[in-house]
Amino acid sequence: VSVSTVLQAYLQLEGEGLVETRPQSGHYVRSRERELPLEPLPTRPAPAPRPVTVSALVREVYAAARDPKVVPFGSSQLDPSLVPTARLGRAVSRLVREQPALTVQYDLPPGSPVLRQALARRSVTWGHALSPDDFVLTAGASEAVHLALLAVARPGDTVAIESPAYYGTLQCMEALGLKALEIPSHPRDGVQLDALEAALGRTKIAAVLLVPNFSNPLGSLMPDEAKEKLVGLLARHEVPLIEDDVYGDLHHGAHRPRVVQSFDRKGLVLLCGSFSKTLAAGYRVGWVAPGRYLERVELLKFAQSVATPTVLPLAIAELLRTGGYDRHLRSLRRHLAAQVLQVGSAIKRHFPEGTRVSRPQGGCLLWVELPGKADALQLFARARRERIGLVPGPLFSAQGRYANCLRLSCGFKLDARSEAALARLGQLAAMR
Ligand SMILES: Cc1ncc(COP(=O)(O)O)c(C=O)c1O
């Protein structure tokens, strides 16, 4: 068809409310609110620090996710068909061919200047202007968060986190002997600042650890005003913030949200990120921009694992340099936004009446709250026998909360098998 026919069609669809235009981004299918279940309510964890004991359960969940035949609603990973695997592969082979000596050398901390330069350039899109010297490269965001926690907290200290919170971080806190103080959070706006302020007045807190942009599992996004307020609040109390921004590039709307660190003037924010959620989790390429803790984090990185792999960060840097990363992100975001909507509306069709589901504005995760006295651990065991992946709610709390909740990942393309798996999950969820 001709371009003018396509434009005419878009105009008509827009007129009927079926698509919407987002400036400088394109046309998007409008979310049909009526086809989505109700949203979960804000959470209300107990206001006392607790030791963390999630490890045994985490092991069960990742063991289940390793099964290659499982329908992958349990793991926060991308469908490989959504990733420019061939381009990355070509970059890796070229580096090995052209710079063989370099590829077998240690890449000592702070890590590849080429990737740090590329990250500094990208930081402008985070509302920031970091320099290459602000970064230390790490093995994924997990190592970044681990080093950040080591830099600011000692065993027995209390760290405030949003509730529910990513189980990998909880597991890291468990390994470091830290206590978790869970702060009430809203499924859209994230951590509730009044509750955090009250906690800071009541309890000695060594650090706050948050995922302000599209948290895991709620998918919440802190508005800019809240980010600025948070920085002011923490500056008054001289408490550092570990900001995990692994999902920041996966906004479904037109604009990349700012990082909290872009409001910080005191160097109190340790910004962590990686390419695991946007490109290649298996490359294990991440970073931390640790603010005033830079030197300490760099030393800790050396003490912990000496160096990062040499070739893979360079392959990613090449994709960033040539503009391939931005093109890839545009298409990835469109896919993820559509997949999140598809899974949300399948839940409305197949899950028990009264099920609630989050409405993330970015990322690829859905938080599902089942009605009544549902038992997500039992559902996890039943679904595992049928090779359907999910993560049960209690993993996301140090207080064993969220027994009636689960997290579903929408990073994989839906096909007939995964559609049928969602319908079956709905049936299993209705069993008591
Ligand atoms: C919030 C959050 N932080 C960190 C990670 C781990 O990231 P990486 O694979 O880069 O270590 C994940 C992975 O699921 C995550 O959801």
Side-chain angles (χ1 to χ4, degrees), residues 43 45-66 74-76 138-185 191 196 199 203-211 215-218 239-247 270 272 274 276 281 284 286 288 290 293 296-297 300-301 303-305 365 367 376-377 380-381 390-403 405-407 409:
T43 60
R50 294 278 172 89
V52 188
T53 52
V54 292
S55 282
L57 201 48
V58 171
R59 186 158 188 272
E60 253 189 82
V61 168
Y62 74 68
R66 284 187 71 95
S75 74
S76 170
T138 59
S142 307
E143 193 186 34
V145 168
H146 187 180
L147 295 173
L149 279 169
L150 277 171
V152 299
R154 301 272 164 282
D157 281 354
T158 294
V159 174
I161 54 171
E162 55 219 321
S163 182
Y166 168 51
Y167 58 82
T169 296
L170 285 172
Q171 197 189 18
C172 180
M173 288 173 58
E174 179 176 341
L176 295 177
L178 299 168
K179 287 194 221 122
L181 176 56
E182 294 183 45
I183 307 292
S185 301
V191 76
L196 179 62
T203 313
K204 185 166 170 18
I205 291 175
V208 176
L209 196 164
L210 300 173
V211 185
S215 67
N216 176 359
L218 286 179
V239 168
L241 170 70
I242 300 172
E243 177 178 21
D244 180 349
D245 192 45
V246 272
Y247 295 103
L270 301 93
C272 304
S274 80
S276 302
R284 311 305 303 134
V288 49
Y293 306 94
R296 185 160 169 67
V297 166
L300 285 164
K301 165 67 195 172
Q304 179 153 295
S305 53
L365 302 172
W367 181 243
L377 288 174
F380 167 70
L390 62 88
V391 184
L395 237 73
F396 298 91
S397 167
Q399 302 177 4
R401 304 181 84 82
Y402 313 118
C405 298
L406 48 124
R407 189 199 77 182
S409 168

Student: Side chains of residues 140-153: which donor-acceptor pairs under 3.5 Å do they make with residues two or more places apart or in other chains?
Tutor:
{"unit_1": "Glu143", "atom_1": "OE1", "unit_2": "Ala139", "atom_2": "N", "d": "2.7"}
{"unit_1": "Glu143", "atom_1": "OE1", "unit_2": "Lys301", "atom_2": "NZ", "d": "2.9"}
{"unit_1": "Glu143", "atom_1": "OE2", "unit_2": "Lys301", "atom_2": "NZ", "d": "3.3"}
{"unit_1": "Glu143", "atom_1": "OE2", "unit_2": "Gln304", "atom_2": "NE2", "d": "3.4"}
{"unit_1": "Glu143", "atom_1": "OE2", "unit_2": "Ser305", "atom_2": "OG", "d": "2.8"}

Student: Of all residues at least two apart in sequence or in a different chain, which pass the side chain to side chain donor-acceptor pair (under 3.5 Å) check with Ser274?
Tutor: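 Per chain and number, Ser274 pairs via side chain to side chain donor-acceptor pair (under 3.5 Å) with Ser276.
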Student: Could you pull out all residues at least two apart from Ser409 that satisfy side-chain contact (heavy atoms from CB on, under 4.5 Å)?
Tutor: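 Testing Ser409 for side-chain contact (heavy atoms from CB on, under 4.5 Å), a comparison that skips the adjacent residues, returns Cys364, Leu365.
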Student: Taking side-chain contact (heavy atoms from CB on, under 4.5 Å) as the test, write out the residues that go with Cys405, two or more places apart.
Tutor: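 For Cys405, the residues satisfying side-chain contact (heavy atoms from CB on, under 4.5 Å) (neighbours in sequence not counted) are Trp367, Glu369, Tyr402.
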Student: Might you point out which heavy atoms bring Thr203 and Pro49 nearest each other, and give the distance in Å?
Tutor: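 Minimum heavy-atom contact is CG2-CG, 3.9 Å.
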Student: Taking atom types as modelled, find out whether Ser163 and Glu182 have a side-chain donor-acceptor pair closer than 3.5 angstrom.
Tutor: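 Judged by distance alone, the side chains do pair up.
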Student: Can Met173 and Ile161 be said to form a side chain to side chain contact (heavy atoms under 4.5 Å, CB included), step by step?
Tutor: CA-CA 11 Å; Met173 288 173 58; Ile161 54 171; 4.0 Å; yes
Student: Identify the two heavy atoms, one from Glu162 and one from Ser185, that lie closest to each other, and give their separation to 0.1 Å.
Tutor: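 Looking at all heavy atoms of both residues, the shortest contact is CB-OG, 3.4 Å.
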Student: Test: salt bridge (charged side-chain N to carboxylate O under 4.0 Å, His left out). Region: residues 49-58. Which pairs qualify, not counting sequence neighbours?
Tutor: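 Sorted pair list comes back empty.
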Student: With side chains defined as the heavy atoms from C-beta onward, is the minimum distance between Leu406 and Pro392 less than 4.5 Å?
Tutor: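 A side-chain contact is absent here, since even the closest heavy-atom pair is not under 4.5 Å.
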Student: My understanding is that only residues two or more places apart in sequence, or in another chain, count here; which of them pass side chain to side chain donor-acceptor pair (under 3.5 Å) with Tyr247?
Tutor: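 By the side chain to side chain donor-acceptor pair (under 3.5 Å) rule, Tyr247 matches Ser76.
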Student: Between Ala207 and Ile205, what is the shortest heavy-atom contact and its length?
Tutor: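 Distance-wise, the nearest heavy atoms are O-CG2, 3.2 Å.
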Student: Please list, one pair per line, the donor and acceptor atoms closer than 3.5 Å that link side chains of residues 53-61 to other protein atoms, with sequence neighbours excluded.
Tutor:
{"unit_1": "Ser55", "atom_1": "OG", "unit_2": "Glu174", "atom_2": "OE1", "d": "3.2"}
{"unit_1": "Ser55", "atom_1": "OG", "unit_2": "Glu174", "atom_2": "OE2", "d": "3.2"}

Student: Search all heavy atoms of Leu170 against all heavy atoms of Leu395 and return the closest pair with its distance.
Tutor: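 Closest pair (atom of Leu170, atom of Leu395, distance): CD1-O, 3.4 Å.
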Student: Restricting to side-chain contact (heavy atoms from CB on, under 4.5 Å), what partner residues turn up for Pro184, sequence neighbours left out?
Tutor: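 Testing Pro184 for side-chain contact (heavy atoms from CB on, under 4.5 Å), a comparison that skips the adjacent residues, returns Pro45, Gln192, Ala195.
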Student: Tyr167: which residues meet the ring-ring contact (aromatic ring centres under 6.0 Å, His included) condition with it, sequence neighbours left out?
Tutor: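 Expected list: Phe396.
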Student: Looking at Leu181 and Ala48, what are the two nearest heavy atoms and their distance?
Tutor: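 That closest heavy-atom pairing would be CD1-C, 3.6 Å.
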Student: List for me each residue that meets side-chain contact (heavy atoms from CB on, under 4.5 Å) alongside Arg66, sequence neighbours excluded, and say none if there are none.
Tutor: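 Testing Arg66 for side-chain contact (heavy atoms from CB on, under 4.5 Å), a comparison that skips the adjacent residues, returns none.
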Student: Identify the two heavy atoms, one from Pro240 and one from Ala206, that lie closest to each other, and give their separation to 0.1 Å.
Tutor: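 Smallest interatomic distance, heavy atoms only, reads CD-O, 3.3 Å.
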Student: Flag the pair Arg407 / Asn216 as yes when at least one side-chain heavy-atom distance between them is below 4.5 Å, and no otherwise.
Tutor: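 SC-SC contact between Arg407 and Asn216 confirmed.
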Student: Using 0.5 Å steps for rounding, measure from the SG atom of Cys172 to the CG atom of Leu178.
Tutor: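 With rounding to 0.5 Å, SG (Cys172) is 7.5 Å from CG (Leu178).
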Student: To the closest 0.5 Å, what do you measure between CG (Leu241) and CG (Leu209)?
Tutor: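 Going from CG on Leu241 over to CG on Leu209, the span is 7.5 Å.
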Student: Kindly write out the residues that satisfy salt bridge (charged side-chain N to carboxylate O under 4.0 Å, His left out) with Asp245, not counting sequence neighbours, or none if the list is empty.
Tutor: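 Salt bridge (charged side-chain N to carboxylate O under 4.0 Å, His left out) list for Asp245, sorted by chain: Arg256.
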